[in-house]
Each structure stands twice: as C-alpha cells, then as structure tokens.
Number of protein chains: 2
Amino acid sequence: MTEDTPKPARKRQARGQRRMEQLLDAAAEVFAEKGFKGASTNAVAARAGASPGTLYQFFGNKEELAEALMARYVDRLRAAHGEAFDPALASLPLDELIDRVIDPLIAFDRANPGFPALLADPDLSPELAGAKKPAQNVMFDRLDLIFKTRAPHLEPDQRHRTAEVAVHLFRGLLPLIMGAAEGEELAAVTAETKRALGAYLSSVIG
Amino acid sequence: MTEDTPKPARKRQARGQRRMEQLLDAAAEVFAEKGFKGASTNAVAARAGASPGTLYQFFGNKEELAEALMARYVDRLRAAHGEAFDPALASLPLDELIDRVIDPLIAFDRANPGFPALLADPDLSPELAGAKKPAQNVMFDRLDLIFKTRAPHLEPDQRHRTAEVAVHLFRGLLPLIMGAAEGEELAAVTAETKRALGAYLSSVIG
DNA sequence: TTTTAATACGAGCAATCACTCGTCTTTTAA
DNA sequence: TTAAAAGACGAGTGATTGCTCGTATTAAAA
C-alpha cells in the first residue's frame, strides 16, 4: 500500500484545459445522441475539432472520458444545488420545499441534457456505474438530511427508502420533463411532477 | 399502393418455430445483460445453440430480432393483463384497484427481466422505438379507460397526462422493484410503489 | 422414390471501433 | 536562445461486429 498516487501527474497548460473542456462538451452531445456504446471516440474528437490522438492525450480511454464528464456534471450539480439549498429549507411548507428543490433541478437537467441521458444509460461498465453513484447521492443525501430534521420520528430505514423512492419517482418523470416543449407543456408536466412528489411525501412524512 | 403484404411469407416448420423461440429466449438474456448495442448477434446465436446463419434465416437483421422479442413481450403482457383486467375494476376502491393492476405487472416484469431492460434502453433505432410504443400503450390505454369511467369530470387532456404520469412514475420505481430481493425487501418496495401511486392518483381523481 | 423447400452450419467479408505511434508545432523553463 | 515538455495530428492496427453464402442435412410435397 504505497501512499503516493500512481498518476504521473502531467502538467497541463491553459490550452490543454481548454481542449479538455471542448472534448467534454463534445462527449456530452454525442453521448446524449447515441448513448455510450453508440458514440465513437473518433466522433467525439471530430465534434470537438480535434484528432483521435488528441483525445487520448487527455483521456486514457473511452470510460475515463465518460467518468470525467460525469464528474463535471456532479460538480455543476453540486454548485447549482448549493445555492438553492440552505438549512432553513427543512422548515418550509412542503409545497414550497418542493418548489425550491425541484425547480433548479429541472432547470439543470434541461440545460444539461447529457446528464440524465448518461445517468439512465444501462450499458455502462462497473467502473462507470461507480462513477454514477456520487451523482445519485447528491440528491439522495440532501433529501435524507431534510427528512431527518423534518420527520425525526421516521426509522432510518424507512427514511432512506423514502428518499430513494422520491429520487426514482422524479427520475421516472424526467423523460416527460425533458421531452416537454418550453412553455405550457413544460409547466403542466412540472406541476404534475410536483403534485406526485407532494402527494407521496405528505403521505409518508405528513 | 399494392394491397398484398410485401413479405414472401415463407412456410415455417415446427422445427423452425422452436428455433425462433430459442433464439428469442437467448436474445432476451443477452440484451438484458449487455444492452441492445452491446449484444452481438453471434453471441445470441451461440447462446441459443445455433449458428449465425441460422439466426439470420429467421430474422433479417439485429433490429428485427429485437422487434420480434418486443412483440412477444407485448403479447405476453396483454395476456397476463387481460386476465387481471375486467370492467368492474373501475368501480373498486382505489387501493384495491392498484393492487389488482400493480401486482400482476410486477410479477410479469420480474418474470421477464428482459422486458423492462429493453424498454428502458435508450440507444434503439427509430424503428425499434416505434416497436416500443405498443408496449407502453398497453398500460396507458387501460389506465385511460379506467380513469374515464372513474373520473368522468376530468378533461381528456388532463386524463391523458395523468395516465402518462402514472405509467412513468411506475417505470421510475421499477429499478427499485427489479433490484429488490424476493421477500421483505420486495414487499417494502412494492408497498412504497403502491403508496406513491395511490397518493398521486387520489390527489387527481379523488 | 424423387423433388423441392426449409433448416442448419460456420468460415469469412466488409465495415467499424478503440486506441497507438511517429512526427511536427507550440509553449514553457532554463 | 535553446532545451524540454505539452499539445496536436491522422494514418494505421488489431480486434470485433453484423451479416453473407456455399454447402450439407432434414422434412414435407409430389
């Protein structure tokens, strides 16, 4: 068990950082369009205006590319949520609490369509599935914390399950949300999502 | 616009029918394990104990194979649901109605794990996506019909949306259901699914 | 029995994909 | 100014895949 990281820790230049961002942007698009398996690394490189060799200078293989993309999503999600989340949230009326959590989440998912697409993709390797967990836990942990202060009588067991169900419930309605046209349709689907969440949660945590 | 089907309508022997079933069984397994893109037709043939050439004698290409598999699922689902569905259902108490609809559906999905896996697979071609619709409409149509008699005051628009949300809500919780171990865990997740559905539906259709 | 068609095989083809490597250019460090 | 390192390129490689086709076997029709 050596302590140092096995990575050679290459020095990145500003140009390299920019290239990585371009490649991740391209990967987000192509993955969203074709899925992980269906996307070719050459296509990603081409969309980023780079050559295959350049892509592999920054990402060791296709999986590392997807992992890096997922990691960037998690960072952004945490940032977007950090703003919309404060401890006082737990004492809000349920409807308002849901508004405060769901609205930014929907905005994020619609602004980053590659994120839910990659999350939902079933044919990811075990390593990548591991990289997905943090993304799922971002929501789960926050919810669990809220429930803890809001419904302290709940057994941890049931609290966890409630959080998990709430997350999956939302994820199930996401395709409807992602497919909705901005405007009336989106508003209707959003309202319905909140109604479903609110109905479920109030039946559990009062 | 010719009237006859463009298919040469080859005569199948009993042996051929058996082979097709074997190939579809194998396809269900391999698709469930690797996803549509990740599954190779040679692997499907091998698992069925057949050669690639034999597979392509019955299915013109990989997509037709998946379409045939999906069609077989839809048939089975309709059969399983036809039994559990009768017109009197609409007048039942909501909880009981949900039991009668959800229990056989969960049983079916757990008995045919390839079905939800294939349904959820994102990287299917447009043709295959079209083949998915009947499967989705099996549930949707039944729900819409039930709501029509049960909540006649609902606008068709909102009724459709309610059915769609109910279907997606269930589908969102399916991964939890599919992953649960038979017994206590499955019972808990099933109960939670019914609770979510019941809470949502009673908030819409009273 | 003879003939025709359905079933079965599996080596192999053309296309695609993830990834490499030798070479060149640009940037940073000395 | 020069040396070293990072970035960039893209043709090419080995492996895999969907699918074909010539041939052989089995079963049904004549």
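What's counted below: heavy atoms across the whole structure, side chains too, no hydrogens, waters or symmetry copies. In what follows, chains carry the letters A, B, and so on, assigned in the order in which the sequence lines appear, proteins first and then strands, with residues in each chain numbered from 1.
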Exercise. Counting only N and O atoms by type, is there a donor-acceptor contact under 3.5 Å from the side chain of K37(B) to the main-chain atoms of F36(A)?
Worked result: no
For this session: Any pair with a residue in residues 125-135 of chain A that passes salt bridge (Lys or Arg N to Asp or Glu O under 4.0 Å), sequence neighbours left out, goes on the list, sorted by first then second residue, please.
Result: none
For this session: Tell me which residues in residues 30-39 of chain B put a heavy atom below 4.0 Å from DNA chain D, sorted by number, or none.
Result: A39(B)
For this session: Verify, without hydrogens or angle tests, whether Q158(A) (side chain) and L154(A) (backbone) share a donor-acceptor contact under 3.5 angstrom.
Result: no
For this session: Send over the distance from K62(B) NZ to dT20(D) P, rounded to a whole Å.
Result: 14 Å
Exercise. Can you name the side-chain hydrogen bond (donor to acceptor under 3.5 Å, both in side chains) partners of S51(A), sequence neighbours left out?
Worked result: T54(A)
Problem set entry | Qualifying ring pair (Phe, Tyr, Trp, His ring centres under 6.0 Å) pairs with a residue from residues 96-151 of chain A, counting only residues at least two apart or across chains | Y73(A)-F115(A), F108(A)-F115(A)
Side-chain donor/acceptor pairs under 3.5 Å, residues 21-32 of chain B, sequence neighbours excluded:
residue : atom : partner : partner atom : Å
E21(B)  : OE1  : R72(B)  : NH1          : 2.8
Q22(B)  : OE1  : R19(B)  : NH1          : 2.8
D25(B)  : OD1  : R72(B)  : NH1          : 3.2
D25(B)  : OD1  : R72(B)  : NH2          : 2.8
E29(B)  : OE1  : R47(B)  : NH1          : 2.8

For this session: Would you please name every residue forming a side chain to side chain contact (heavy atoms under 4.5 Å, CB included) with R12(B), sequence neighbours left out?
Result: R10(B), Q17(B), M20(B), F58(B)
For this session: Using a cut-off of strictly less than 4.0 Å, decide whether T41(B) has a side-chain nitrogen or oxygen near OP1 or OP2 of dC19(D).
Result: no
Problem set entry | salt bridge (Lys or Arg N to Asp or Glu O under 4.0 Å): pairs with one or both residues in residues 160-188 of chain B, sequence neighbours excluded | R110(B)-E182(B)
Problem set entry | Rounded distance in Å - CD (E21(A)) to P (dG7(D)) | 14 Å
Nucleotides 23-30 of chain D: which of its N/O atoms have a protein N/O under 3.5 Å away?
none

Seminar exercise, completed: Separation of dG12(C) atom C1' from N42(B) atom CG, nearest Å, is 11 Å
Problem set entry | Listed once per pair and sorted, the ring pair (Phe, Tyr, Trp, His ring centres under 6.0 Å) pairs that draw on residues 167-186 of chain A, sequence neighbours left out | none
Problem set entry | Pairs meeting criterion ring pair (Phe, Tyr, Trp, His ring centres under 6.0 Å) with involvement of residues 172-192 of chain A, two or more places apart | none
Problem set entry | For N42(B), all residues meeting side-chain hydrogen bond (donor to acceptor under 3.5 Å, both in side chains), sequence neighbours excluded | none
For this session: For dA8(C), take OP1 and OP2 only and decide whether either is under 4.0 Å from a side-chain N or O of R19(B).
Result: yes
For this session: Look at R12(A) and dG7(D) and indicate whether a side-chain polar atom (N or O) is within less than 4.0 Å of OP1 or OP2.
Result: yes
Exercise. Does any residue of residues 49-61 of chain A have a heavy atom under 4.0 Å from DNA chain D, and if so, which ones, in number order?
Worked result: G49(A), A50(A), S51(A), P52(A), G53(A), T54(A), Q57(A), F58(A)
Seminar exercise, completed: M20(A) CE to dA6(D) P, in whole Å, measures 14 Å
